[in-house]
S.K.: 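Following this message is one structure expressed as structure tokens.
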Amino acid sequence: MNGSTESPPPRPVIAGNWKMHKGPSAARLFLRDFQPRFRPRDDRTVIFFPPAVSLPAALQAAAERPDLQFGVQSIHWEAEGAFTGEIGAAMARDAGARFTLVGHSERRHLFGETDEMVARKAAAALAHELTPVICLGETLDERRSGRVAEVILRQLEAALELVSHDEVARLVLAYEPVWAIGTGETATPQDAVEAHGVLRGRLRERAGDAGDVVPILYGGSVKPGNVADLLAGSDVDGVLVGGASLDPVSFAAIANTGTG
Ligand code: PGA
């Protein structure tokens, strides 16, 4: 059985968001190539977010590797109903997902997801034993006008709206500055540390010690060449990787970071 949502995942958490790439055949090929390049280890968590249609093929290709975790890129907040094109949390869980991205900036900016929708999705994930990876981040304009902390705290507060005190420890956050996603522009390790510190502070205010166990991932043009510096920052507990997760060699290099 791939995974459990009961205890926080070992850190660092290295997550690959394939976005709308890799159908079932390509997912299978990727996982065959990737597995010998990344051996099982208990000092980190590796999670793949394939397109939902490729999840069964990906799980099957990784059947011998219960250490590898899988999730979906989005869920609807309702369990089922007349919502053409959507998938519910329980059906994602039934298909083998243990995680779901929630509020990725592409969902927010291209598909109109609001803070309120993100909150409902996070609550639905928790209700169905999926770990929500809640994505937050400012646009370039917001950064230039000095509003990074204000924006990410607003997004965090909204996402926590329907999350109980006890459930905070079951969350994962991903700080992904919008201007760094898919652009080749990476936040400096210091930018990441500052934003993660802001988020950690609010998690602690909200949930005390439980706020410390929430992994906070950085995302935005993470590559084999910059991952070590990013992960060295305090409160940078992992990375959410888009483009560089599509190639098994580069994603294995990222997943193996720090292992010499
Ligand atoms: P990128 O994407 O690594 O291609 O910048 C990150 C993400 O969108 O999660």
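Nothing here was measured: the structure is a model prediction, and the numbers come from that model. Remember, it's 1-based here, ligands and their atoms both numbered in the order they're listed.
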S.K.: Going by the atom numbers of ligand 1, which of them fall below 4.0 Å from some non-hydrogen atom of Gly182?
M.R.: 1 (P), 4 (O), 5 (O)

S.K.: Could an N or O of ligand 1 be found under 3.5 Å from any N or O of Ile181, whether backbone or side chain?
M.R.: no

S.K.: Give yes if a backbone or side-chain nitrogen or oxygen of Thr183 is under 3.5 Å from a nitrogen or oxygen of ligand 1, and no if not.
M.R.: no

S.K.: Return the residue, atom name and 0.1 Å-rounded distance of the protein heavy atom closest to atom 4 (O) of ligand 1.
M.R.: Gly243 N, 2.8 Å

S.K.: If you define the side chain from C-beta out and look only at heavy atoms, does anything of Arg28 sit under 4.5 Å from Gln60?
M.R.: yes

S.K.: Heavy-atom contacts with Ser221 under 4.0 Å: which atoms of ligand 1 show up? List them by number with element.
M.R.: 1 (P), 3 (O), 5 (O)

S.K.: With a 4.0 Å cut-off on heavy atoms, is His104 in contact with ligand 1?
M.R.: yes

S.K.: Heavy-atom count around Glu116 CD within 6.0 Å, excluding the residue itself: above 12?
M.R.: no

S.K.: So for Gly219, does at least one of its heavy atoms come nearer than 4.0 angstrom to any atom of ligand 1?
M.R.: no

S.K.: What's the shortest distance from atom 3 (O) of ligand 1 to any protein heavy atom, and which residue and atom give it?
M.R.: Gly242 N, 2.8 Å

S.K.: Consider every N or O of Ala244 and every N or O of ligand 1, then say whether any pair is closer than 3.5 Å.
M.R.: no

S.K.: May I ask whether Ala180 has any heavy atom positioned less than 4.0 angstrom from an atom of ligand 1?
M.R.: yes

S.K.: With a 6.0 Å cut-off (strictly less than), is the heavy-atom count around CD of Gln190, excluding the residue itself, greater than 12?
M.R.: yes

S.K.: Any idea how Phe30 and Phe251 line up, ring-wise: parallel (<30°), tilted (30 to 60°), or perpendicular (>60°)?
M.R.: tilted

S.K.: Hey, which atoms in ligand 1 end up nearer than 4.0 Å to a heavy atom of Lys19?
M.R.: 2 (O), 7 (C), 8 (O)

S.K.: Only heavy atoms of Asn17, strictly under 4.0 Å: list the atoms of ligand 1 that pass.
M.R.: 9 (O)

S.K.: Does any N or O of ligand 1 fall below 3.5 Å from an N or O anywhere on Gly220, backbone included?
M.R.: no

S.K.: For atom CD of Glu80, is the number of surrounding heavy atoms from other residues, nucleotides or ligands below 6.0 Å larger than 12?
M.R.: no

S.K.: Taking the six-membered ring for Trp, are Phe99 and Phe49 parallel (under 30°), tilted (30 to 60°) or perpendicular (over 60°)?
M.R.: perpendicular

S.K.: Are the charged groups of Glu205 and Arg202 less than 4.0 angstrom apart, N to O?
M.R.: yes

S.K.: Distance to 0.1 Å, residue and atom name: give those for the protein heavy atom nearest to atom 9 (O) of ligand 1.
M.R.: Glu176 OE2, 2.7 Å

S.K.: Does CZ in Arg144 sit with more than 12 non-hydrogen atoms of other residues, nucleotides or ligands closer than 6.0 Å?
M.R.: no

S.K.: Ignoring hydrogens and geometry, is there a side-chain-to-backbone donor-acceptor pair from Gln73 to Asn17 under 3.5 Å?
M.R.: no

